[in-house]
Amino acid sequence: MAGRFPPRPTRTTVRGGHLPVPRSLDTARDLDLGLTLGPLRRGPADPTFRATPDGSVWRASRTPDGPGTLRVRVVGGRAEAEAWGPGAAWLLDGLPALLGAEDDPTAFVPRHKLILATHRRRPGLRLTRTGLVLESLIPSVLEQKVTTHEAYGSWRVLVRKYGEPAPGPAPEGMHVMPDARTWTQIPSWEWHRANVDGKRSATIVRAARVAARLEEAALMDGPAARARVELVPGIGPWTSAETIQRSNGAPDEVTTGDLHLPGIVGWALAGDRTTDDEAMLTLLSPYTGQRHRAARLILLSGRVPPRRAPRMTPGDITSI
């Protein structure tokens, strides 16, 4: 697409990464920035995400126009944002959706006391929509059947080694994730050093090879988007839900196949920690159309069943 249209001066300066493009939105009066963007953070040391003491959230993303850095904060009920790099304009165009402008929290009707109480305590929760599928898919694949600690470590190692420094005055250490081609070229031994087994690395490579087709899912409705993503061998319902929740802001795409979520939902709504996926979906059926939001509120309530067994022991294949 490059060269087909005459460049606009404001975009030219941004593509060099020298000047920020500012934008503000007067739609953030009740927005809780941390709750809304928190699901995009893959661990406290995620190189693509940073929350700073001044209340700003920084994101480094690989957009269709190239790498970009976004800084956003809420001041006096207004969301103020700046962006740098080739992807700056794309990030700012998507800012309303990122902050939940396409989400409709008024469509949600609490039907349990616990959910009602949490909903009232957390009025600023919005469901984010990034419009970027691969960005959420790859770390979700890394989280398949391992502890979050392991997955976060693998994501951190791979992004820092094969990504690139975030454009603009981003906080030190921030990186943009690798492009699709780079993911396909990571040697097998480097996946191993990052503590990623062959099954997960092969799934990521297969997904990266059809990245353009997967990114089309960002414009589909939830079920169609999940069906598109699940065409890639190695991607099932758990991974597709975790991806589409973030890329599409899908309020009804509840995660199934999770080790803990059914028990948490069952305990919160029915006092039954042995709940399976089928029973969880039955419990959430009053929230059809908003089941993902209901599950988020249950998790935010803090009501979880008491632990009966030790935590899953993290694995480490790097020394094998």
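All values below come from the heavy atoms of this structure, side chains included, with hydrogens, waters and symmetry mates left out. Count residues from 1 along the sequence.
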Less than 4.0 Å between a side-chain N and a carboxylate O, is that true for [Y] and [X]?
| X | Y | value |
| --- | --- | --- |
| E135 | R246 | no |
| R200 | E150 | no |
| K145 | D197 | no |

Nearest 0.5 Å please: distance from the [atom1] atom of [X] over to the [atom2] atom of [Y].
| X | Y | atom1 | atom2 | result |
| --- | --- | --- | --- | --- |
| R62 | D179 | CZ | CG | 5.0 Å |
| L40 | R59 | CG | CZ | 4.5 Å |
| T243 | N248 | OG1 | CG | 9.5 Å |
| L284 | R111 | CG | CZ | 12.5 Å |
| T239 | Q144 | OG1 | CD | 3.5 Å |
| L231 | R206 | CG | CZ | 12.5 Å |

Worksheet entry | With sequence neighbours excluded, residues passing ring-ring contact (aromatic ring centres under 6.0 Å, His included) with H112 | Y287

Worksheet item: With sequence neighbours excluded, what pairs up with H119 under the ring-ring contact (aromatic ring centres under 6.0 Å, His included) test?
Response: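 Once residues adjacent in sequence are excluded, the partners of H119 under the ring-ring contact (aromatic ring centres under 6.0 Å, His included) criterion are F108.
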
[X] and [Y]: which non-hydrogen atoms are nearest, and at how many Å?
| X | Y | result |
| --- | --- | --- |
| T118 | S301 | OG1-CB, 3.3 Å |
| L91 | G68 | CD1-C, 3.6 Å |
| R303 | A268 | NH1-O, 3.7 Å |
| H175 | P165 | CD2-N, 3.7 Å |
| G173 | P47 | O-CB, 3.9 Å |
| A225 | M220 | N-CB, 3.9 Å |

Discussion item. Could you walk me through whether D32 and L125 satisfy the side chain to side chain contact (heavy atoms under 4.5 Å, CB included) test, starting with their C-alpha distance in whole Å, then the side-chain angles of each, then the deciding distance to 0.1 Å, before giving a yes or no?
Written reply: CA-CA 6 Å; D32 188 318; L125 172 65; over 6 Å; no

Cluster question for you: counting only ILVMFWY and a side-chain heavy-atom cut-off of under 4.5 Å, with indirect links fine, are [X] and [Y] together?
| X | Y | result |
| --- | --- | --- |
| I298 | L283 | yes |
| L300 | L33 | no |
| L98 | V74 | yes |
| I264 | L35 | yes |
| L297 | V254 | yes |

Beyond-backbone contact of [X] with [Y], side-chain heavy atoms, under 4.5 angstrom:
| X | Y | result |
| --- | --- | --- |
| P110 | R120 | no |
| R273 | P306 | yes |
| V57 | F49 | yes |
| P167 | T69 | yes |
| D104 | P251 | no |
| L269 | I115 | yes |
| D277 | W238 | no |

Linking directly or through intermediates, with side-chain heavy atoms under 4.5 Å: list the remaining ILVMFWY members grouped with [X], chain and number order.
| X | answer |
| --- | --- |
| V232 | V133, L134, L137, I138, V141, L142, W155, L158, V159, Y162, M177, W183, I186, W191, V196, I204, V205, V210, L214, V229, I235, I244 |
| L116 | none |
| L114 | none |

Fill in: Listed partners of R50 passing side-chain contact (heavy atoms from CB on, under 4.5 Å), at least two apart
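side-chain contact (heavy atoms from CB on, under 4.5 Å) check on R50 returns T52, W58, P171, M174.
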
Quick one: does [X]'s side chain have a donor or acceptor within less than 3.5 Å of a partner on [Y]'s backbone?
| X | Y | answer |
| --- | --- | --- |
| R296 | L299 | no |
| R129 | A218 | yes |
| S154 | A194 | yes |
| D272 | G266 | no |
| Q245 | E253 | yes |
| D65 | G87 | no |

Worksheet item: Judged by modelled atom types alone, do T36 and R126 share a side-chain donor-acceptor pair under 3.5 Å?
Response: no

Practice prompt. Would you please test L281 and R291 for side chain to side chain contact (heavy atoms under 4.5 Å, CB included) and show each step?
Written response: CA-CA 9 Å; L281 294 177; R291 292 177 301 173; 3.7 Å; yes

Discussion item. What verdict does the side chain to side chain contact (heavy atoms under 4.5 Å, CB included) test give for S56 and E80, after you've listed the backbone C-alpha separation in whole Å, the side-chain angles of each residue and the deciding distance to 0.1 Å?
Written reply: CA-CA 9 Å; S56 297; E80 299 179 349; over 6 Å; no

Practice prompt. Quick one: do T275 and W267 satisfy side chain to side chain contact (heavy atoms under 4.5 Å, CB included)? Show the steps, please.
Written response: CA-CA 8 Å; T275 302; W267 180 258; over 6 Å; no

Fill in: Working for side chain to side chain donor-acceptor pair (under 3.5 Å), residues E242 and S136
CA-CA 8 Å; E242 291 289 308; S136 292; over 6 Å; no

